[in-house]
Amino acid sequence: MSFISFPFIILFLAAMACRIWIGPTKAEKPYLAALLVLSLIFYGSFIPQYLLLLLFTTLVDYYAGNQIAGTDSHPRKKAFLVLSLVSNLGLLAFFKYSGFALDNLRALCALLGLNGSWVPQAALALPIGISFFTFQSMSYTIDLYRGQIKPVNSYWRFLLFVSFFTHLVSGPIVRANELLYQFDRKRSLRWMVSLQGLYLMILGFFLKMVVADNLADYVNRYWERGGANGMPAAVPLSLAVMFSCQIFADFAGYTSIATGAAYLLGFKLPVNFNSPYIALSFREFWTRWHITLSRWIRDYLYIPLGGNKGSGWRPYWTLMVTMVLAGFWHGAAFTFLIWGALHGFFLGLERMAGMNGKDKGHSGMTVFFWSLLTQAVVLIGWIFFRAKSVTEAFHFIRNLSNVSYGWNTLGQITPAFFFILPVLLMHLRSYCVESGWMKSPGIREKGLWAAFMLYFIFTLYGKNNAFIYFQF
Amino acid sequence: MLSSISNSEPFFPARRGWWKGLLAFLISFALIAGAGEWVSRQLSFEHAWHGEQVQVPPGGILTETDSDQFPIYDTLYYGLGDAIDNAKKADVLLLGNSRVLSGFREKAVQEASARSGLKFFNLCYPANDGMVMAYQTILKHDLHPKIVIINETNFFNWGISPFGKDTTSLGAWRAWVRVWEDRISWTVRAQLHRFLPRFGWGKTYRVQPPFQYQSVEDGCLCLDNQLSNQKTYTVNDPKLSEDPTAEEIAAAKMFRDEMAKRGTAVVLTDIPFDREPFLRDNENKSSFGALMKLPENSQPFQRADKLAKLLGVPLIAPAVVGLRTTDGSHLDEASGDKFAQAFFQDFLKLSRVKALAVQEKK
C-alpha cells in the first residue's frame with residue numbers, strides 16, 4: 001500500500017495503538033512482533049506472492065550472516081558472502097533487468113536482420129521496493145564479513161529490520177548498525193517526540209500530495225510537448241524545473257513520512273535529503289540528495305572498486321563505473337545509464353579541476369559559477385531521468401536552445417509554477433540557516449507551518465500519483 | 001549543520017515547551033480554515049468544491065473517474081462486483097474506447113433495450129487500448145454475447161494503455177484494494193469538503209469535481225458533470241484517414257473469427273469526433289471550457305467502411321447533424337443521445353437483431 005492511501009492510515013494507526021498499549025518502551029517483544037506482522041501486511045498488500053521473495057532474501061542473508069560470523073575460515077566467509085550477493089543480485093537481475101536484456105536482444109536481432117521472435121517477453125511485475133530491500137539485506141552480510149557488526153540472534157528481528165514498513169519500499173536505505181540496536185533500546189513516547197514525528201509526517205504529506213502530485217499533473221500531461229518540434233525553450237525549461245521540483249518533493253516527501261512515522265513508533269531513520277538544490281558542487285549534491293544511497297554506493301561499491309586510490313585515470317574510471325551503476329540501479333533503461341554517466345563525468349571533471357570542495361583556494365565568483373553549472377547539469381540529468389527514451393531526452397534538450405516565442409503551451413502550464421514555490425522557499429530558508437543568517441524554525445514556527453501545510457493537504461491535494469521511486 | 005528541509009530536522013528536541021507548538025498549530029489552523037472558508041464562500045469563489053455529491057444511482061456505482069481510470073479497468077478485467085455478471089447476461093456488448101461511453105449513454109441504451117427486449121452492456125475500456133482489453137475480458141470471463149457493437153476508431157490493434165498494462169500485470173488482489181480505496185476516498189473526501197473546501201488551482205470545479213458514474217447494470221454512463229451550457233465552437237471539417245493497415249485488417253479478422261466461434265455477430269460503428277484537431281497532438285485540450293460543434297457533414301471514416309466490407313459485417317454510422325463534443329473527442333449528453341437514437345434506429349432494423357428481439361420477447 002502507498003503512504004497516500006486510507007489502508008496506510010489504518011495500518012499506521014494500528015501500529016500507533018500497539019506503541020501506546022503494548023510497546024510503551026518500544027522494546028517489548030509483542031510490540032516488535034506486531035510491527036513485523038503489520039510490515040508484512042504492508043508489503044503483502046502490493047502483490048501477496050512477492051512476500052515469498054522478501055522471506056527468501058532475508059532467510060538466505062540471515063543464514064549466510066550466521067555462517068560468516070560463526071567461522072574463522074576466510075574462504076568459508078567469502079563463500080557465504082558470495083552466496084548472499086548472488087542471491088540478492090540474482091533476484092534484482094531477474095526481476096528488474098531481464099526485461100531490459102530481452103528487449104535489447106530482440107532489438108539486436110532486428111538490427112542484424114535475424115528473427116527475434118524466439119526471445120521471450122518479460123511479463124512479471126517488478127516487486128515493489130526490490131532495489132531497496134536487497135541493498136539493505138546485502139549490506140548486513142557485507143558488514144558482517146568486514147567484521148563491522150555482530151550477527152543478529154533472531155531471524156524475526158532480522159526480518160523486521162529489512163521489512164519495517166516505514167523504509168521498506170523506498171528507503172532510506174538503513175544499515176544494520178543503525179536500526180538493529182534500536183530494537184533493544186527503551187524509549188518512552190513523549191509529547192515533544194510525538195509532535196516532531198507528526199511534523200515530519202505533515203511535511204512529507206504536504207510535499208507529496210500538494211507539491212509533487214500537482215506538479216505531476218502538469219508534467220505528465222505536457223512533458224511530451226517539451227520535445228516537440230519547434231517548441232520554444234521556455235517550455236522544456238519550465239517542464240524540467242517542474243520535474244526537478246516534483247521528484248524532490250515526491251522522494252523527500254516519502255522519506256519525511258517514513259522518518260516521521262518511524263519516529264512516532266520509536267525509531268530513528270537516517271537523514272536522506274538535505275536541500276540538494278543549494279549544493280555548490282556535484283560532490284556536495286550527492287551528500288544532500290538520496291544520502292543513504294550515496295553512502296551505500298560509496299562504501300560498498302566505490303571504495304571496494306578502488307575509490308580514490310590508484311594513479312592516473314584509475315580514480316576517474318572508478319567514479320564513472322560507480323555512477324553508471326548507480327544510474328542503472330534506478331532503472332533498466334539507457335536513459336538512467338546516461339543520467340549516471342553524466343553525473344560520473346562531471347564528478348570526475350570537478351575532481352580534476354579541484355572544485356569538489358577540498359581545494360579552498362577558489363574565488364567566490366568561480367564557486368558561484370561552478371554551483372550554477374552543477375545545478376544546470378543536475379537539471380539536464382533530470383530530463384534523462386524522466387524521458388521515456390534517449391531520443392525523447394535529446395529532442396527535449398535540443399529545444400532548450402530554441403529561443404523563439406510561443407505562449408500557447410507555456411500559458412497552459414503557468415499555474416504549476418505556484419507549486420514550485422514551497423520547494424524554492426524551503427531551499428532558500430535552508431540556505432539562510434546554513435549561512436547563519438537565520439535560525440532553524442523553533443517549536444512555535446513549526447506549529448504555524450504545520451497548520452498551513454495541513455490545511456493545504458486537505459484543500460489542495462493533487463491527483464493521487466504513485467511515488468516515483470516505487471518503480472525502483 | 002543540518003538545515004530545515006525534508007527529514008533533515010534535528011532530532012531529540014528539547015523536552016519542554018511542546019504545548020507552545022501545539023497551541024501555535026491549533027490557533028493557526030483555525031485562522032487559516034476560517035479565512036479559507038470565507039474566501040471560498042463569501043467571495044463566490046467558483047473554483048472550490050464544498051462536498052456536494054449527487055445521489056448514487058440505483059444499482060450502485062461502477063466507478064467515478066475523478067482520479068484515474070484504474071477502477072474501471074480493475075472492475076471489468078477482474079470481474080469485481082456485479083458488473084461482469086451483468087455483462088454475461090447481456091445480448092449485446094458495446095466495445096471501444098471512451099467515446100463509446102459518451103456516445104451510448106444509459107438513457108438511449110435503455111430506450112433501445114425497452115424497444116427490442118435485448119440486454120445491452122457497455123464494456124468499453126476508456127483509454128486507447130485497441131482491442132486487447134476487450135478481447136482478454138471476453139476470453140477471461142467467457143462471455144458469449146449474441147452481438148458486439150464495436151466503435152472502429154483505433155480498436156483493431158494490439159496497443160495497450162498504461163492503465164491496461166498496469167491492471168493486467170498487478171493481479172486481482174491489488175485491483176480489489178484499488179477499487180475499494182477509490183470508493184472510500186470518494187466518500188471520505190465528500191464529507192471532508194463539507195468543512196474544508198477543495199480548491200482547484202488551475203482547475204475548474206463548477207460546484208462538483210469532474211466525475212462519471214457508470215451503472216453496474218449496463219455499464220453505461222448514467223451520470224456525469226461534464227460541460228454543459230458552455231460557449232460553442234464549430235470545428236474543422238474532418239479529413240478522411242488512410243486505408244486500414246494490413247495489421248489492422250489481420251487483427252480485425254482474428255477478432256471477428258473469435259467472435260464467430262462464440263456465436264457472436266459483429267457490428268461496426270464510427271462515433272463522430274473532432275478528428276482534425278484531436279489528431280493534432282490534442283492541442284485543443286486547452287479549450288476544455290467550450291463545447292465544440294462537429295461539422296454538419298460528419299461522415300464515417302473511409303477506413304471504417306472499408307473494414308466493414310472486408311470483414312463482411314454491417315457498419316452503422318449515421319450522419320447526424322448538430323453534434324457537439326465537450327473536448328473535441330467526446331459527445332456531450334444531448335449529442336450522445338441524438339447519435340445513439342439514430343444508431344439504434346438502424347441497428348434494430350438489422351435482420352439478425354430483429355430475429356433476436358423476437359426470441360427475447362417470446
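Quick note on labels: first sequence line is chain A, next is B, and so on, each numbered from 1.
- A perpendicular orientation is assigned to the rings of A/F248 and A/F273, their planes being inclined by more than 60° (bins at 30° and 60°).
- When ring centroids are compared, A/Y50 and A/Y43 stay outside the 6.0 Å threshold.
- Using a 4.0 Å cut-off between charged nitrogen and carboxylate oxygen, A/E445 and A/R429 count as a salt-bridge pair.
- In terms of heavy-atom pairs under 4.5 Å with chain B, the best-connected choice from A/F452, A/F418, A/F456 is A/F418.
- Looking at B/D166, its side chain never comes within 3.5 Å of a backbone N or O of B/P162 through a donor-acceptor pair.
- In this structure, the portions of B/I32 lying under 4.5 Å from any heavy atom of chain A include both its backbone and its side chain.
- Heavy atoms closer than 4.5 Å to chain B are found in both the backbone and the side chain of A/L460.
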